[in-house]
Amino acid sequence: MTEVVIQDLTKRYGAAAAVDSISLSISEGEFVSLLGPSGCGKSTTLRLVAGFDQADAGKILFDGQDVSPLPPERRDIGMVFQSYALFPHMTVAQNLAFGLQMRKAPRAVIEERVARALDLVRLDGKADRYPRELSGGQQQRVALARALVIEPRILLLDEPLANLDAKLRDEMRLFIGELQRRVGITTIYVTHDQAEAMNMSDQVVVMFKGRIEQRGSPRDIYERPNGLEVATFIGQANFLSATVTVDTGRLMAQTALGTRPLPPESDASPGQVLSVLVRPEALTLTDSAAPGAVSGVVELAQYNGAFTEYRIRLADQETVCVQTPGPARHSRGVGVGLRLAMDPLWPIGSDA
Amino acid sequence: MSRRLLLMLPAALVLIFLIVLPYANIIVISFRPLSPDGAYGQGFTAANYVTVLTSAHYWRQIWTTIWIGLVTTALALLLGFPVAWDLARNRGRSQALRRAIALSPLLVGIVVRSYGWTILLGNNGVINRLARALGLTQSIIPLMYNRFGVIVALTHVFLPFMILPIMGVLQELDPALEQAGRSLGASPRTAFRRIVLPLCLPGVQSGCVMVFILTISAYVTPMLLGGMRVKTMPMTVVSTLIDAFRWPLGAAQALVLSLCGGLILIAFMRLTPMRWNR
Ligand SMILES: Nc1ncnc2c1ncn2[C@@H]1O[C@H](COP(=O)(O)OP(=O)(O)OP(=O)(O)O)[C@@H](O)[C@H]1O
Ligand SMILES: [Mg+2]
């Protein structure tokens, strides 16, 4: 198991930096996702770690050893590609054996480890199939097994689920997460799907335009995003304008939906106006007459099966998005009451 | 069902009128007796085949033709593969230009290109005169009127037919395959040998088949560069058909050559199986 440290890594294409001086350390056995919109440099980062591209500046250390001068074949990595990149002219077993042959493993060892790896991804019995004879999900598992069978120091995955349909994607998400925990291998997972990143990772690294915007646990990223960009990229977000007040020595945010405390670490000053983050599921809807509720009017109600998403216009003309479980109970144009069940409120920069 | 047949009709008609009927006609003619007053006589005979198959002279020519075909194909592969690789892999601004240059021989007719080579390789050609002017030699370097000249010109003339299919498969090849090989511990050379090469075999195969077929049936180039001193079977076929006006014998000669070429192609396909590629 290996600890990966990235220091001031930069990669330029022409004048533009695809990866702009990023630093990141990943502990042994950790599952880290690189999450960000298309073109933000996730794949480039992964390719630099794998050794397919040379960085213009910075270092990549595996267990303290600088691997920058090493070609990919000497880095001892396992990589899963979006296209799977299974060798079409080799059977499943031959695909898996390839990496072990490169390591000059004896035939008996190869056979035993290939069988074990196939068992691990529940594909025993498919050893002699060619890749094109397998379904997308099965090919995906072969790719995973091929990367793991060599027992690499780190596992790199570049949008491995992007080519699967939604149901299979959920299934594979669980599968990969569980497998990674069982094998305990240091893993870097590239995705632009926030649900994937949130579900599987120990740590999520949010990237924008070649830079790391925030790094933290999935919960940190969701509940305490460090800016507007991260907050809107991860899940749905309402931003309410708030005035900072003080109540018995605590900083409070006074919003259209009520006054709630700010986090203790907040450095806001009383009287300041700022935005606070309110997630849609932190709001509940009641009848307009309910005591303590703020009134609003339903502008839009969208049924999604598991939940209904409302857009509510408040008295001060601000609109908020609300998610409630189950089918729609309030129709368009109807007056409703809103309750905010969130404490503390997370500030997102000041409102100038 | 009948609609499907109807849809197949145009293709079937083209096939029948342009390929099946002419071939059938040649086969029929090859079994006709020779006739002193016309292209061929009535009735059927195997005499033409007996003449061809029992003649050491014809066998030598068939062997020359096939030998030239094999050497030309091998040379075209050796030269064409790196070019196809470069055209498929090295992008950038010069890619279109490099492509145009590599495929430009197709724009000029075979006759013109073959004449071009006679200007270069002739006894009084550019190369010989240059060698004499530079004092490298006083005698004539035999570059033409031999197999060497024929093979050089044929390789040049048919090289694009090797480059195109190989370039095609290389372009289709997912670059991630090679990278997957590298990530699993293969050196660039091993990744090429174990992954890229086997996967571009279909292109290599089509290229070889095309160049081989074109070469063994080539007429103009061997005639111009060989100057009747390198006798290949197509030249004999033409002179039998046109000069001697003996259609049945010419047809038999042509079919025996086709058959020999066909057998070699079958052997070649057998030797390069691609089970995964069904
Ligand atoms: N070989 C290349 N040549 C030039 N520019 C490149 C090259 N590879 C990537 N880039 C540029 O670098 C930036 C980052 O690309 P990268 O592939 O890392 O994005 P990504 O985050 O993986 O996006 P996606 O989610 O679409 O895969 C992009 O703007 C891209 O255009
Ligand atoms: Mg990418």
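Naming convention: chains lettered A, B, ... in sequence-line order (proteins, then strands); numbering from 1 in each chain.
Contacts between A/Ile150 and chain B at a heavy-atom distance below 4.5 Å involve the side chain alone, from C-beta outward. Within the 4.5 angstrom heavy-atom criterion, atoms from both the backbone and the side chain of B/Ser183 approach chain A. The contact between A/Gln101 and chain B is made entirely by side chain atoms (from C-beta outward), counting heavy-atom distances below 4.5 Å. For chain A, no part of B/Pro175 is nearby; none of its heavy atoms comes within less than 4.5 Å.
Formation of a donor-acceptor pair under 3.5 Å by the B/Arg182 side chain with backbone atoms of A/Ala50 is not found in this model.
Across all their heavy atoms, B/Pro188 and A/Glu73 have their closest contact at CD-OE2, 3.3 Å. Here the closest heavy-atom approach between residue B/Gln179 and residue A/Phe81 is recorded as OE1-CE2, 3.5 Å. Pairing each heavy atom of A/Arg146 with each of B/Ala180, the nearest pair is NH2-CB, 3.4 Å. Here the shortest heavy-atom pairing between B/Leu177 and A/Leu86 reads CD2-O, 3.2 Å.
Atom CG of residue B/Leu184 and atom CE of residue A/Met79 lie 11.0 Å apart, to the nearest 0.5 angstrom.
Listed options B/Asp174, B/Thr190, B/Ile195 were ranked by heavy-atom pairs under 4.5 angstrom with chain A; first place goes to B/Ile195.
The shortest side-chain heavy-atom distance between B/Pro198 and A/Phe87 does not fall under the 4.5 Å cut-off.
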